[in-house]
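To start, the structure under review is shown below, and the notes come after it.
Chain letters run A, B, ... following the sequence lines, proteins first and then strands; every chain starts at 1. Atoms considered below: every heavy atom in the structure, side chains included; atoms not considered: hydrogens, waters and symmetry mates. Bear in mind that the values here come from a model prediction, so they are computed numbers and not experimental data.
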Amino acid sequence: MRDNILSTCEKNFLLQAINENKRLDGRQFHECRNETIHFGTDWGSCLVTLGETRVLAQVSCDIQPPKASKPNDGLLYVHVEMSPMAALHFESGRQSDISVQVNRLLEKCLKESKCVDLEALCIVSDEKVWNIRIDLNVMNFEGNLASCCSVAALAALAHFRHPDVTSTGEKIIIHPASEKDPIPINLHHYPVIISYALFNNGNHIVSDPTALEEKVADSLLLLSVNSYREICGMHFEGAPLPSSDVVIKCSRNAVNTATHLVKQIKKALSDDLEKRSRASFGGLSDSLDLNHIFSRIEENLRIDFKRECSWRDEPTPDVKPDIGGVIKMESDEDLNLDIDSDGISDSDGEDSKYSVKSVNQKTAELISKGPDLLDNDDTDMSDNGEVIEVPPKSDAKNLEEIELSGDSEEEDVVVLDSSIK
Amino acid sequence: MTNTDTDQQVVIPGDEITSFLQKGRNKIILGPGLRRVANKVYACNGGILRYRSPNTYWVDSHRKRYIPERNEMVIGIVVNKQGDYFKVDIGGSEPAILSYLAFEGATKKNRVKLEIGDLVYAKLLTATRDMEPELVCINAQGKSHVMGPLANDGYLFHCSIDLVRKMLNPKCPFDKIGDHFPYEIVIGMNGRIWLKTYTVKSTIALSKAILASEFLSFSEIQTMCDDLIKQYANS
């Protein structure tokens with residue numbers, strides 16, 4: 001089935017809202033939807049949600065002969081599966097344009113930025129290497145698929161462990177987990193894709209676009225950035241880039257978002273390790289709220305409404321003092337929807353920052369975090385290694401080439417640093 | 001199965017619900033989500049079992065996909081113009097057809113101006129399994145009766161089918177907002193809602209309120225509406 005056609009009405013309204021500096025879901029322009037990361041019982045299985053977009057990743061491995069050109073390197077294979085479950089217009093079993101694109105973006109992000117230590121995956125040179133396969137299943141599509149997939153792929157890779165192998169001359173022995181502890185994959189750095197939608201000739205830049213925003217936008221800019229604030233890849237599609245300033249602006253914001261995302265991934269990983277030692281560990285089933293059926297969807301809608309009201313007080317850096325009426329409404333709700341009570345009381349506490357587990361706490365965190373993204377742009381960089389600025393000239397040049405070619409296979413700027421701390 | 005009020009009975013596919021049906025009646029009407037096998041009645045959708053006096057039962061389920069049904073009012077997006085027909089996407093498995101002549105006062109000479117991407121509010125004239133559904137924008141008397149093209153300056157958003165049913169329920173308190181907060185709304189049975197107010201922000205607020213009401217009871221919606229009205233008055 002074809003992609004849903006966009007009605008003129010939706011398009012006009014979105015553009016009108018953007019011109020008035022508003023987004024349809026009540027977010028600020030630079031604000032991302034909240035993401036959650038959950039791990040399954042298996043190594044390398046991970047469920048990531050970004051707003052309503054959900055991706056399930058599973059990493060698996062097998063032993064294969066290496067490529068003749070790189071006899072000492074392991075193999076890395078990424079596959080994105082989009083079923084009609086995610087969105088009506090996806091077809092199963094056939095590669096659509098969007099799945100090819102996301103696949104390619106992920107390969108650029110993970111493979112070509114050399115984030116995985118492929119040499120460590122070699123067992124016998126020229127004969128046997130580990131082949132790592134990342135399968136991504138899109139479970140719901142609500143925009144910014146590349147970003148969600150990249151977080152899922154990265155978290156799953158970091159979580160995955162492959163069996164230990166001993167090589168005794170002629171033959172190799174693969175040890176089951178009961179004999180020898182499986183080995184995690186060595187990651188040099190943690191790149192994630194951050195995407196921006198550009199409106200009105202680059203005057204309005206929106207981060208983490210929804211499906212509708214992606215459709216209406218003039219152009220999309222996807223940056224893969226790692227936690228060391230290095231840009232590992234860039235993808236630009238749509239109308240020509242108005243000026244190179246846009247790229248600088250976006251990449252400044254992207255490095256902050258990426259650092260935050262990677263922090264979340266690491267936090268989720270360490271939490272998972274700790275949870276695994278407990279007997280009650282339930283894998284992905286822990287991510288479900290069993291208290292009522294629609295808990296997850298309702299969460300989002302409720303928060304959206306709250307924020308929609310909070311913008312009535314116009315620019316809302318700190319929403320807290322102004323939302324008395326809304327809080328009252330929520331407390332009414334608490335009487336009926338039992339799970340909400342925790343989240344709301346916790347949301348005022350500073351310590352709930354960067355929490356991954358509870359959706360309630362995290363939504364609160366996103367509200368308070370909003371201004372940080374823009375304001376603390378340069379100030380808090382120092383603690384995290386050096387700042388690597390995008391060389392503006394080379395970017396602009398590359399991007400110009402892209403616009404002219406009009407080709408979707410265009411290329412990126414790779415700022416790689418192999419000597420990683 | 002927890003046995004509560006008949007009106008709040010949650011059923012899942014395969015549940016036998018014969019025991020909930022009223023005894024002593026020789027005729028019972030089974031609505032959507034229920035199926036009779038031999039002498040027993042089973043639920044074939046997950047949801048809440050509803051009953052309406054005297055003898056009608058059905059299951060209210062959460063659904064996002066629209067299945068066209070005759071006589072339902074839907075909002076469609078014009079996707080193509082071919083010959084004497086518009087092709088209109090109504091969210092079903094295939095686009096519906098809408099004749100140029102199925103508008104009030106339309107003749108071969110005097111055609112309705114509709115572009116690709118425009119919205120129409122129309123009624124399903126036919127909806128069968130084997131043919132593409134057909135829409136009309138006139139009633140039996142040849143009058144438009146609220147149907148027809150929708151203005152392009154509103155906002156169209158999507159929701160689940162059960163929210164639409166809830167919104168169309170006469171008890172739904174959203175009507176009351178209209179006294180304080182002028183708005184124009186068109187609700188299509190296919191899970192599309194067209195909304196227009198004076199400002200962008202009130203449109204966004206109202207659309208979010210509508211979406212948020214999906215899992216609220218009517219009294220909770222009332223609280224939310226009161227809150228919205230209060231905030232609108234303050235802004």
Honestly, the part of L119(B) sitting under 4.5 Å from a heavy atom of chain A is side chain
Answer yes or no: are there more than 12 heavy-atom neighbours, outside R70(B) itself, under 6.0 Å from its atom CZ? no
When the 4.5 angstrom heavy-atom criterion is applied to L150(B) and chain A, the contacting part is neither
Exceeds 12 heavy-atom contacts within 6.0 angstrom, atom CZ of R111(B): yes
Exercise. Give a yes or no on this: more than 12 heavy atoms of other residues, nucleotides or ligands lie within 6.0 Å of atom NZ of K81(B).
Key: yes
When every non-hydrogen atom of K22(A) is compared with those of I204(B), the smallest separation belongs to CB-CD1, 4.3 Å
- If you count the non-hydrogen atoms of other residues, nucleotides and ligands that lie under 6.0 Å from NE2 in H145(B), is the total more than 12? no
Separation between CG (N12(A)) and OH (Y155(B)), nearest 0.5 Å, reads 13.0 Å
- List the steps, then state whether side chain to side chain contact (heavy atoms under 4.5 Å, CB included) holds for I5(A) with I116(B). CA-CA 9 Å; I5(A) 193 155; I116(B) 289 172; 3.8 Å; yes
- prompt: Any sub-3.5 Å donor-acceptor pair from T8(A)'s side-chain atoms to G117(B)'s backbone N or O?
  reply: yes
When rounded to the nearest 0.5 Å, the distance separating CG of L212(A) from CG of L156(B) is 9.5 Å
In this structure, OG1 of T203(B) is separated from CD of Q16(A) (nearest 0.5 Å) by 8.0 Å
Separation between CD (E10(A)) and CG (N152(B)), nearest 0.5 Å, reads 11.0 Å
Q. Any side-chain heavy atom of F13(A) within less than 4.5 Å of one from L195(B)?
A. no
Quiz item: With a cut-off of 6.0 Å (strictly less than), are more than 12 heavy atoms of other residues, nucleotides or ligands near CG of D179(B)?
Solution: yes
Value for SG (C9(A)) from CG (D118(B)), rounded to nearest 0.5 Å, stands at 9.0 Å
To the nearest 0.5 Å, atom CD of E20(A) lies from atom NZ of K201(B) at 9.0 Å
